[in-house]
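Every value quoted in this text rests on a predicted model; they were computed, and no experiment measured them. Hydrogens, waters and symmetry mates play no part in the numbers below; they use all other heavy atoms, side chains included.
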Amino acid sequence: PSGVLVPVLSKICPVKCWGFANRRRFPVRFPRFTVIVPDFQRNNPQGGDYHQLNMSKKEDQAGAAVVTVGDELVLGERGNENAQWLANWLHDQGHPANVALSLPDDIAVIAHWLQQLKGSSHFPICVSGGIGGTHDDCTREGIAAALGVQVVTHPDCWALLAERYGGEFNESRQNMTMLPEGCELLKNPHGAPGFHHSGIFAFPGFPKMLKAMVPQILPLFGRVQAAIPTKRAEVRLEAREGDLAGAVRQFDENYPQARLGIYAHSGTHWGQVSLRLRYPESDSEILGAFQELVQYLGKPVLTAEGVSVD
């Protein structure tokens, strides 16, 4: 996977995040946020199986952000297909995300983290979920609060949904027309539209709708510096993570422009480790060095992808 599930990432905002005091509708207490991050700071003492993963990036290039909203995601009741798909799509378009958050259905929490992302110059910020018409859909209000604007009836959205639903345009569906003031609509071929405002792009949580809507935002990115094209090479070795950690760390330090991850397998594949290298397409020297690293380790190679290992 492109990311790892971890507790609150204090590097984003060093605040205490347990016991949400401003729950809008539910008395449920969430012990912590769920944050998905594709990179760890080097020498992170709490990195676990992923402590060797280094994603070198200039601080002034914050990149895209993926935000998925839903109590069911934070509580671990449901997998997060949207986050994975969005991250992969952004990467394929040359605008990879370097942070992704799963947030609860809570206005104050959504607003807080979107403000953090905006303050760190992340763009685009793609938000999925919580824009329906039910009692727990509050992403619209969270985005409005983050931007310091009111939630108002969007006339074009009202007209569109009134025509779509006719006599079934009830209060719940009318709620979907209440959007952050000043936003513009994003077409949804399967239902109510999404919207965008100040670099935040909001989509429904239904995967079918999300996948149909997201491509239309590419022209809205403006002049964003695309990521350097990258390639990937991966080997699976018969080894334990601790046997390789030192050499992998040295490689990581020697080639900061590359990203080398070390992933220990479990279950029936216990005792196996995958090394996944992501490197600039134009830098063949790094691939050669990776080949030498694998040979130096001297461990049985079980599979290899994107690299020749004798």
Would you kindly confirm whether [X] and [Y] end up in one hydrophobic cluster when ILVMFWY residues are joined by side chain heavy atoms under 4.5 Å apart?
X: Met178; Y: Ile107; result: no
X: Val273; Y: Leu293; result: yes
X: Trp158; Y: Leu179; result: no
X: Tyr165; Y: Leu160; result: yes
X: Val151; Y: Leu185; result: no

With a 4.5 Å cut-off on side-chain heavy atoms, are [Y] and [X] touching?
X: His135; Y: Ser172; answer: no
X: Tyr255; Y: Asp283; answer: no
X: Leu210; Y: Pro204; answer: no
X: Trp89; Y: Leu218; answer: yes
X: Leu220; Y: Pro124; answer: no
X: Cys126; Y: Ile217; answer: yes
X: Val248; Y: Leu275; answer: yes
X: Leu117; Y: Leu101; answer: yes

When you look at [atom1] of [X], are more than 12 heavy atoms from neighbouring residues, nucleotides or ligands closer to it than 6.0 Å?
X: Phe206; atom1: CZ; value: no
X: Glu171; atom1: CD; value: no
X: His91; atom1: NE2; value: no
X: Tyr296; atom1: OH; value: no
X: Arg78; atom1: CZ; value: no

Is the backbone N or O of [Y] less than 3.5 Å from a side-chain atom of [X], with the two atoms forming a donor-acceptor pair by type?
X: Asp71; Y: Asp105; answer: yes
X: Arg173; Y: Glu168; answer: yes
X: Gln216; Y: Lys187; answer: yes
X: Thr139; Y: Gly129; answer: yes
X: Gln174; Y: Phe169; answer: yes
X: Glu234; Y: Gly306; answer: no
X: His122; Y: Gly63; answer: yes
X: Lys211; Y: Trp85; answer: no
X: Thr177; Y: Cys157; answer: no
X: Glu253; Y: Gln250; answer: no

To check you understand the geometry: which heavy-atom pair defines the closest contact between [X] and [Y], and what is its length?
X: Ser128; Y: Gly205; result: OG-CA, 3.7 Å
X: Ala202; Y: Leu186; result: O-CD1, 3.9 Å
X: Met176; Y: Ile131; result: CG-O, 3.9 Å
X: Leu73; Y: Gly79; result: CD2-O, 3.7 Å
X: Val74; Y: Leu103; result: CG2-C, 3.4 Å
X: Gly261; Y: Arg278; result: N-NH1, 4.4 Å

Measuring from [X]:[atom1] to [Y]:[atom2], what's the distance to the nearest 0.5 Å?
X: Leu297; Y: Glu292; atom1: CG; atom2: CD; answer: 12.0 Å
X: Ile200; Y: Ile125; atom1: CD1; atom2: CD1; answer: 5.0 Å
X: His265; Y: Ser274; atom1: NE2; atom2: OG; answer: 2.5 Å
X: Leu244; Y: Ile262; atom1: CG; atom2: CD1; answer: 5.0 Å
X: Leu161; Y: Glu163; atom1: CG; atom2: CD; answer: 10.0 Å
X: Ile143; Y: Ser198; atom1: CD1; atom2: OG; answer: 10.5 Å

**OP:** Starting from the C-alpha separation in whole Å, work towards a yes-or-no answer on side-chain contact (heavy atoms from CB on, under 4.5 Å) for Tyr279 and Lys231.
**Re:** CA-CA 6 Å; Tyr279 64 99; Lys231 298 185 71 174; 3.7 Å; yes
**OP:** Given side-chain contact (heavy atoms from CB on, under 4.5 Å), test Asn80 with Ser102 step by step and report yes or no.
**Re:** CA-CA 9 Å; Asn80 201 335; Ser102 289; 2.9 Å; yes
Original post:
When you look at Leu277 and Phe251, which way does the side-chain contact (heavy atoms from CB on, under 4.5 Å) test go after all the steps?
Top reply: CA-CA 11 Å; Leu277 175 70; Phe251 183 95; 3.9 Å; yes
Original post:
Using the ring of each side chain (for Trp, its six-membered ring), is His196 parallel, tilted or perpendicular to Phe201, with breaks at 30° and 60°?
Top reply: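 Parallel, since the angle between the ring planes stays under 30°.
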Original post:
Should Trp113 and Val67 be marked as a side-chain contact (heavy atoms from CB on, under 4.5 Å) after you check the CA-CA gap, both sets of side-chain angles, and the distance that decides it?
Top reply: CA-CA 9 Å; Trp113 285 96; Val67 179; over 6 Å; no
Original post:
Glu305 and salt bridge (Lys or Arg N to Asp or Glu O under 4.0 Å): which partner among Arg236, Arg232, Arg276?
Top reply: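 The salt bridge (Lys or Arg N to Asp or Glu O under 4.0 Å) with Glu305 is passed solely by Arg232 among Arg236, Arg232, Arg276.
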